[in-house]
Undergrad: 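Structure incoming, see below.
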Amino acid sequence: MKSVPVRPAALYAALWLVSALPVAAADWTPEALMAALAANPGGQVRFVERKFIALLDAPVESAGVLVYRPPERLERHTERPQPESMILDGDTLELERGGRRLTLALSAHPETGAFVDSIRRTLAGDRRALERTWTLALTGDAGLWTLRLEPRSEALRALVQQITITGRRGEVRSIAILQGDGDRSLMTIFPADAPVPTDTPAPAPPDAPVR
Amino acid sequence: MTARARPLAIWLVFVALCTHEALHTRYSADLSAFLPAAPTRAQQLLVEQLRDGPVSRLMLVGIAGGEAAQRAAASRALAAQLRAASLWAAVANGEPVGAEADRALLYARRYALSDALDDATHFSVAGLRTAIGATLDLLASPAGLLVKPLLTHDPTGELLHLLDGLAARGQPALRDGVWSTPDGGEALLLATTRAAGSDTDAQATAVAALRAAWATLAAHDGPAAGLRLELSGPGVFAVQARATIQSEVERLSLLATGLIAALLWSVYRSLRLLVLGLLPMLSGALAGVAAVGAGFGVVHGITLGFGITLIGEAVDYAIYLFVQSGGSAHDDRLHDADRAEAGYWPTVRLGVATSVTGFAALLGAGFPGLAQLGLYSLAGLLSAALVTRHVLPALLPAQWRVRDLAPFGRRLAAALGPLRRARPVFVAVPLAAALLLALRGDGLWHHELAALSPVPAADQALDARLRAGLGAPDVRALIVIDAPDAQAALVAAERLAPALTAQVAAGTLGGYESPARYLPSAARQRARLATLPPADVLRARLVAALDGLPLRAERLEAFVADVEAARIAAPLGRADFDGTTLALALDALLLAQPDGRWHALLPLRAPVAGGTIDATALGPALAAVGSGDAATATLIDLKHESDALYAGYLAEARRLTLGGCAAIALLLAASLRPVRRTLRVLAPLAAAVLTVTAALALAGERLMLLHLVGMLLVVAVGSNYALFFAQPAAPGPTTLASLLLANLTTLLGFGLLGLSSVPVLHALGVVVGPGALLALLYAAAYAPPPDGPPAASVAGPAAGARR
C-alpha cells in the first residue's frame, strides 16, 4: 500500500525484536500483553475474513490488506469479492466502495462505534479504553495468547456478544467475532509477504485458533 | 403680498400632493431595476431566484477555535437552539436528526422510489440474481452489518441504493459527529431561513437571533466559551451591506453636513437662510419620488440612491440666489424678482435646461431602472429650480444680508490671470487623458455585477471557504422547469434526468439535484411498480435466480410479501413526507408559484469547484421538455446571467449618456451665440470628465455604473460653472465667490464619500469631488480674457438666454 510508512522487512525485523524480548510464560499478564501490543510500530498485513451467517448456506469471504498506524489510524483495504476501503481515523470512519464515499462519526453511533473501536484499542494496547466498554479475559502465554472481550452494556451485547483475539507476543493473528444474533466471523491475519491465500476456504495459519 | 403668497400656496399644494404620492408608492430593492423592460425567461427566473430562491435563504455558519470536541458540542447546542426557533426552515450540521423518519419513509416506499426499477429487467431472473449477488458481496464487507437486518425484506438492496443516491449529493466531512471543514479545523452548520433572501429585515432578524443564540452559548461557562462564530451567506451579506452603508452614509454625511453647514454659516450668518437653502433640494427629491411613483408604479432603491445624488446639484441653486443677490438691501432699485432676473437666474436656467436635457436622454432607456433615474432627476431638478426661483424669495425675511464676498471675489479674479496664462497645461492634460482612455478602451470598465457588491474581500473569502467545506450548496447553475401543475413539473424533471445523468457519467457535470429524486411523478411510480411480478411469479424467479448462491428462496418470503404490498399501494404523495428532512429538500426544489403554476428546480454542480457547465450540451434536452406539453425548461447560469444583465444595463447607460451629451451640445448651440461660446461651456466639462476618468484609470480603478452616475453629476454641476464663465462679460467677484462656495460644498459633500470603504459610495466620491473642482478650474482657464474691468454680476443677462 502506498500509505505504509514502514517497509515490511523493517517492520518484521522490529516485530521480531519486540517478540524476542525475554518474557516468561508466568509473566504473561494483561499488562505484559498490552505493553507488547503498544510496542507494535504498526505496518501492513494481509487478512482473510469469513462470515458465517445463519441465513446463508455457506460463509461469505473477503480478503485484502490491513494497515495500522498507531494509535489512531486503521485501514482495511478489501480486494475481493468487491474492492472497498474502510479507514478509521480518530472519530471518523470512512467507507469507500464503487466510487462512493461514506463518512460516519463513531460518536454518532455509540454501539457500532464501540465495536469498531475495540480492534483499534486492542492493537494500540490501550487497556484502559478497552475496559471502559469490555471485560477482558486473557489465557495462554506469550507464544500463543487468547484475549476475550465481552461487552459491559446490554445495548452493545445486542450487537456483539464476544470478540476473541489471538496472537503471538505483540502480533495479532486472528479476530473472531460472535454477533448478537449468533452469526459469527473469523478474520485470519498473515504477514504481508506471506503467500496470498486466494482459494476458498482460506488455509488457516498453523497456530491460529479455530473456534 | 399676494404676488408673494401665490407661489407659496402652489408650492405647499405641490408638496402635499408629492408627499401623498411618495407615501403610497411601492418601493423595490431587488435586482429588477436591472431587468430590461421586456426580460427574457431566464432573466426573469434569475431575479426570482436571487430574490427568494432556496439559494438566497442559506446561512453558512463556521465554528472555529478550541478543540474539535468542543466545537462539535457547540455545533450541537447551537443547532438545538435554532431548531427550537421558528425562524428556520432547516438546520443541518451532520447530526442524524430526522434520519429515522427519512429512513422509514424510504424503506416503506423503496420500490416506488428506486430508479433501479426503471430498468424493467431488474426483477427478471437475471436482474434478481445480479442484485442479490451484489447484496451478498456487501455482506462480506464491514458494511455488511448494515445490510444483514435488511436481507430478508430487501435482498435487492433498494434501500441502500436510495441512501447511496442521497449521500452522493455530496456530504461535508464529519468530525466528532458534526460537519467540519475538510481539515477538521472548523465545525460547519447550514441554516435555511424561512424568510426570502431579499427580505433584508427578516434576514437581519434571523442573523440577530443566531448571534444571540451563540452569545448565550459563548458565555464564559457555556459550551462555546472561547470559540469563534463565523457567519456568511447571501442574507448575511445583505444585512451587513445595509449596515455598513447606513453607518458610512451616516458618518460621512454627518461630517459633510457639519462642514458644509459651517462653511455656509460663515457666509449666510443666518440659521433661517441655512435651512431655506435646503428647501430646493428637499422639494426636488420629493418631486422626483412622486414623479417616478406616478409614472412607473414602483420606485427602485437604486433610483432613490442615485437620484438624490444627482439633484445634489440643487443645493448650488440656493447659493447662487443668496450670494449673488447679496441681501434684501443690496440694491433698492430692484424687486427680488427683477434682481433674480437680472443676475444669476438666466444662467442657472440654462444650466437647469442643460442638466434636464442630459437626463431626459435616459427616459428612453429599455431598463426601467435607468428610465426612472432620468425621470427622477428631470422632475427633481425642475422642481428645485422653480422652488429656488419663485418660492425661496417669498420665504426670505424682510431684512437679510449675507457676508459681502466681493473683496474675496476680487482676489479670486486676480488669480484668474495666472490660471489663463497656464492654459496650455489645461489643454494638454485633457488631451493626454483622452489619448490614455482611447488606448485603454473597453478595459476601463468593470462588467461584473460583483463590482457593485459592498462585501469586503475578506468576507467573500470566508464565504468561499465555508461553501467549499459544505460542498453542495455552491449553486451557480440551475434548470428551472415551469409547468401548469406539480405532476407535470415532476414529469418534465424526469424527462431531463437521462441527459443529465449522461453528462455526469461523461464528467462534464459534477452532479444535479431533482425533486423527482424525492417524489417521482405518479406516472413514474406506477411504471416502476408495474415491473414487480406477482407473488407466485416472483417465487419461481427467485428459485432460478438463487441457483448456486448461498441463499435459498424460502428465506425470502418477507421480500415476496413486501413486493406484493408495494404492488397494490397508492402512489406516494407530498403528504407522505411530513415529518421528514426529505420534505425540506423536496419543498426547496418543487415550488408552487403565486400564479398557480409550479416550478421544479434542478440545481447543477460544476464538474470541479469553480468550473463551468456546458450549457449548449444541455440545449437539446431542455428543448425536448418544451415540446409536447405546457412545461418549459430553462437553464440559468446565475453568475453569467446576472453579469450579462448588469453589462447590458451599463452599456445602455453609457450609450444614453453619450446621447444626453449630444443633446446638451445641441441645446447650448441653439441658446448661445456665437458657437465659440458653446464650445467654451462644453470644453471644460469634457476636460474635467476626461481628466478624472484618466486619473482613475491610472490609479487602477475599473469603472462601473456609479462612476458613470458621478460623471453625469460632474456635467450637471459643472455646466453651471461653465455657463457663468461663458458670459460675454467675465463673472463679477460676487459670482466668482458664489461659484467657489458652491464648488466647495460639492467637494466636501462628495469628496468625503471617496473615503468610504463601500465601493458604490467610493466610486461616486472619487468622480464627483475632484471632477467638480476640475470643472471649475477648466472653466476659469478656458474663459476669454477680460476686455475691461470686471463687470458686476448684475451687469447683464446672457443674450441668448432671455426669457
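Remember, predicted model here, so these are calculated numbers, not experimental data. Letters A, B, ... mirror the listed sequences (proteins, then strands); counts begin at 1.
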Undergrad: If you count the non-hydrogen atoms of other residues, nucleotides and ligands that lie under 6.0 Å from CD in E67(B), is the total more than 12?
TA: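 Not more than 12 within 6.0 Å, no.
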Undergrad: For chain A, find its close neighbours in residues 129-139 of chain B: heavy-atom separation under 4.5 Å, sorted by number, or none.
TA: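 Answer by number: A134(B), L136(B), D137(B), L138(B), L139(B).
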Undergrad: Over all heavy atoms of both residues, which pair between A140(B) and S62(A) is shortest? Give the atoms and the distance, please.
TA: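 In this case the closest contact between A140(B) and S62(A) is O-OG, 3.3 Å.
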Undergrad: D181(A), V60(A), L56(A): which one forms the most heavy-atom pairs within less than 4.5 Å of chain B?
TA: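 Highest number of heavy-atom pairs under 4.5 Å: L56(A).
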Undergrad: Could you list the donor-acceptor pairs under 3.5 angstrom formed between side-chain atoms of residues 94-101 of chain B and any protein atom two or more places apart in sequence or on another chain?
TA:
residue, atom, partner, partner atom, Å
E95(B), OE1, R83(B), NH1, 3.3
E95(B), OE1, N93(B), ND2, 3.0

Undergrad: Would you mind checking which part of I53(A) comes under 4.5 Å of any heavy atom in chain B, side chain (CB onward), backbone (N, CA, C, O), both or neither?
TA: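 Only the side chain of I53(A) comes within 4.5 Å of chain B.
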Undergrad: Tell me, please, which residues at least two apart from Q161(A) pass side chain to side chain donor-acceptor pair (under 3.5 Å).
TA: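 Testing Q161(A) for side chain to side chain donor-acceptor pair (under 3.5 Å), a comparison that skips the adjacent residues, returns none.
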Undergrad: Can you list the residues that meet the salt bridge (charged side-chain N to carboxylate O under 4.0 Å, His left out) rule with R555(B), with sequence neighbours excluded?
TA: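 Expected list: D57(A).
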Undergrad: Relative to chain B, which of D183(A), L95(A), T78(A) shows the most heavy atom pairs under 4.5 Å?
TA: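 Looking at each option in turn, the highest pair count goes to D183(A).
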Undergrad: Can you measure from CZ (R76(A)) to OG (S141(B)) and round to the nearest 0.5 angstrom?
TA: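 Rounded to the nearest 0.5 Å, the CZ-OG separation comes to 7.0 Å.
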Undergrad: Report which part of Q179(A) has an atom under 4.5 Å of a heavy atom belonging to chain B: side chain, backbone, both, or neither.
TA: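 Only the side chain of Q179(A) comes within 4.5 Å of chain B.
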